[in-house]
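In what follows, residues are counted from 1 in the order of the sequence shown. Below, all heavy atoms of this structure are taken into account, side chains as well, without hydrogens, waters or symmetry copies. Ligands are counted one by one from 1 in listed order, and the atoms in each one are counted from 1 as well.
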Amino acid sequence: MGDLLLDDPAPFVRRLTLNRPEARNALSTALLGEIADALDAAAADDAIRTVVITGGPKVFAAGADIKELATRDVPGALLDTRVGHWSRVRRFPKPLLAAVAGFALGGGCELAMHADIVVAGEDAKFGQPEINLGIVPGAGGTQRLARLAGAQIAMKLVLSGEFLDAAEAKQCGLIAEIASDPAARALDLAVKIAAKPPLAARLAKELVLAARDAPLDVGLAFERKAFAALFATADFKEGVGAFLEKRKPNFAGK
Ligand code: DAK
């Protein structure tokens, strides 16, 4: 079996399962490349509307592969192919969910933060312990953690290497939900989202990301345009028609 397992557990839903238990799902460059390739493929496939990424029952991902990092020098870090892999993960345009059980550390926490919705198990632990290795987070950890959880929590994690448990992660807004079975709950949400009109879902994702990253005026202008554009879609007619005819909508993504 490979380090990344792909399956489609429900119509329109693809699941990516990290499968390097012997290395605690450490994100080797090869594995990160496989994740980026899988997301690119899902982005290009009309039969996929949402993606769920998950790990094992005890570890989501323990970060970059420290054995690989051990040989890194400055030019190697600057020219690292990982940078391109991470930007492909970041550009994935469809709703991306993460189901986190156990440890999500370093690059593993950064991977979870690339998801649009994170569902965590009660035993989940989030951290950016790179400081213990003499480095800092390199895949957006300092920036995303500060934006999602606030500067105080980001400072605490990045400077001390301490972890947040699931309840703390929920309280500071790092995750959406805690569930007894995070994989099942994330799949449940993915199925629900996959039944929504895909064009509206993609724009909704972009808009909420803009709320985090762009000034309010820019975000509001973008929302007005996206809102108007969606009136031109067949899915809008289908949604309204289904409501008026008291039936379930069937969205085609057109
Ligand atoms: N890399 C490689 N191997 C790992 C690993 C990792 N991150 N984490 C665990 N392993 C391996 C261990 O070496 C051990 O291997 P063997 O000795 O059996 O050969 C095996 O997995 C089991 O590990 P443990 O015995 O430690 O397992 P436990 O269940 O007791 O503990 C743990 C699980 C996840 C709490 C612990 O393993 C742990 O603390 N792991 C390290 C976590 C960590 O420090 N993560 C930060 C890594 S640095 C970049 C962008 C981003 C990054 C880099 C570059 N660019 C854009 C250039 C990111 C950097 C990082 O994430």
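The protein heavy-atom contact nearest to atom 57 (C) of ligand 1 is Asp80 OD2, 3.5 Å. In terms of protein heavy atoms, atom 11 (C) of ligand 1 is closest to Ala23 CA, 3.9 Å. Among all protein heavy atoms, the one lying closest to atom 1 (N) of ligand 1 is Ile66 N, 2.9 Å. Looking at atom 48 (S) of ligand 1, its nearest protein heavy atom turns out to be Leu133 CD1, 3.7 Å. Looking from atom 49 (C) of ligand 1 to the surrounding protein, the closest heavy atom is Arg82 NE, 4.0 Å. When hydrogens are left out, the protein atom nearest atom 39 (O) of ligand 1 is Leu105 CD1, 4.1 Å; that is the closest non-hydrogen contact.
Gly56 approaches Ala101 most closely through the heavy-atom pair O-CB, 3.7 Å. The shortest non-hydrogen separation linking Phe231 to Lys237 is O-NZ, 4.5 Å. Of all heavy-atom pairs between Ala120 and Pro182, the closest is C-CB, 3.8 Å. Here the closest non-hydrogen pair linking Ala38 and Leu4 is CB-CD2, 4.1 Å. The nearest pair of heavy atoms linking Ser28 to Asp65 is CA-CB, 3.8 Å.
Residue Arg224 qualifies as open at atom CZ: its count of foreign heavy atoms under 6.0 Å is 12 or below. Around the CG atom of Asp73, the shell of radius 6.0 Å holds more than 12 heavy atoms that belong to other residues, nucleotides or ligands. Around atom CD of Glu177, more than 12 heavy atoms belonging to other residues, nucleotides or ligands sit under 6.0 Å away. Heavy-atom neighbours of Gln152 CD from other residues, nucleotides or ligands within 6.0 Å: at or below the threshold of 12.
At least one heavy atom of Glu22 sits under 4.0 Å from some atom of ligand 1. Ligand 1 lies nowhere less than 4.0 angstrom from a heavy atom belonging to Val59.
Under the 3.5 Å distance criterion, with hydrogens and angles disregarded, a donor-acceptor pair is assigned to the side chains of Arg88 and His85.
Each of the following atoms of ligand 1 lies closer than 4.0 Å to a heavy atom of Ala26: 1 (N), 2 (C), 6 (C), 7 (N). Per-residue contacts place Gly63 under 4.0 angstrom from the following atoms of ligand 1 (heavy atoms of the residue considered): 61 (O). Heavy-atom contacts of Pro129 reach the following atoms of ligand 1: 43 (C), 44 (O), 45 (N) (cutoff under 4.0 Å). Close approach of ligand 1 to Lys67 is summarised as follows: ligand atoms under 4.0 Å from at least one heavy atom of the residue are 13 (O), 15 (O), 19 (O). For ligand 1, the atoms lying closer than 4.0 Å to a non-hydrogen atom of Asp65 are 1 (N), 2 (C).
Proximity of atom 44 (O) of ligand 1 to the protein is indicated by at least one non-hydrogen atom lying closer than 4.0 angstrom. Within a 4.0 Å radius of atom 26 (O) of ligand 1, the protein contributes no heavy atom. Within a 4.0 Å radius of atom 36 (C) of ligand 1, the protein contributes no non-hydrogen atoms.
One option in Gly84, Gly108, Ser87, Ala64 has a heavy atom closer to atom 59 (C) of ligand 1 than any other, and that option is Ala64. Considering only non-hydrogen atoms, atom 56 (C) of ligand 1 lies nearest to Gly138 out of Gly138, Gly140, Ala77.
At least one N or O atom of Arg24, backbone or side chain, sits closer than 3.5 Å to an N or O atom of ligand 1. Note: an N/O pair closer than 3.5 Å links Gly107 and ligand 1 by distance alone. At least one N or O atom of Ala62, backbone or side chain, sits closer than 3.5 Å to an N or O atom of ligand 1.
Of the charged side-chain nitrogens involved, none lies within less than 4.0 Å of a carboxylate oxygen, so that Glu122 and Lys170 do not count as a salt-bridged pair.
Residues Phe60 and Val89 share a hydrophobic cluster, clusters being chains of Ile/Leu/Val/Met/Phe/Trp/Tyr side chains in contact below 4.5 Å.
Contacts of Ala139 with ligand 1, taken as heavy-atom pairs under 4.0 Å, involve both backbone and side chain.
Checking side-chain atoms of Arg20 against main-chain N and O of Ala26 turns up a donor-acceptor pair under 3.5 Å.
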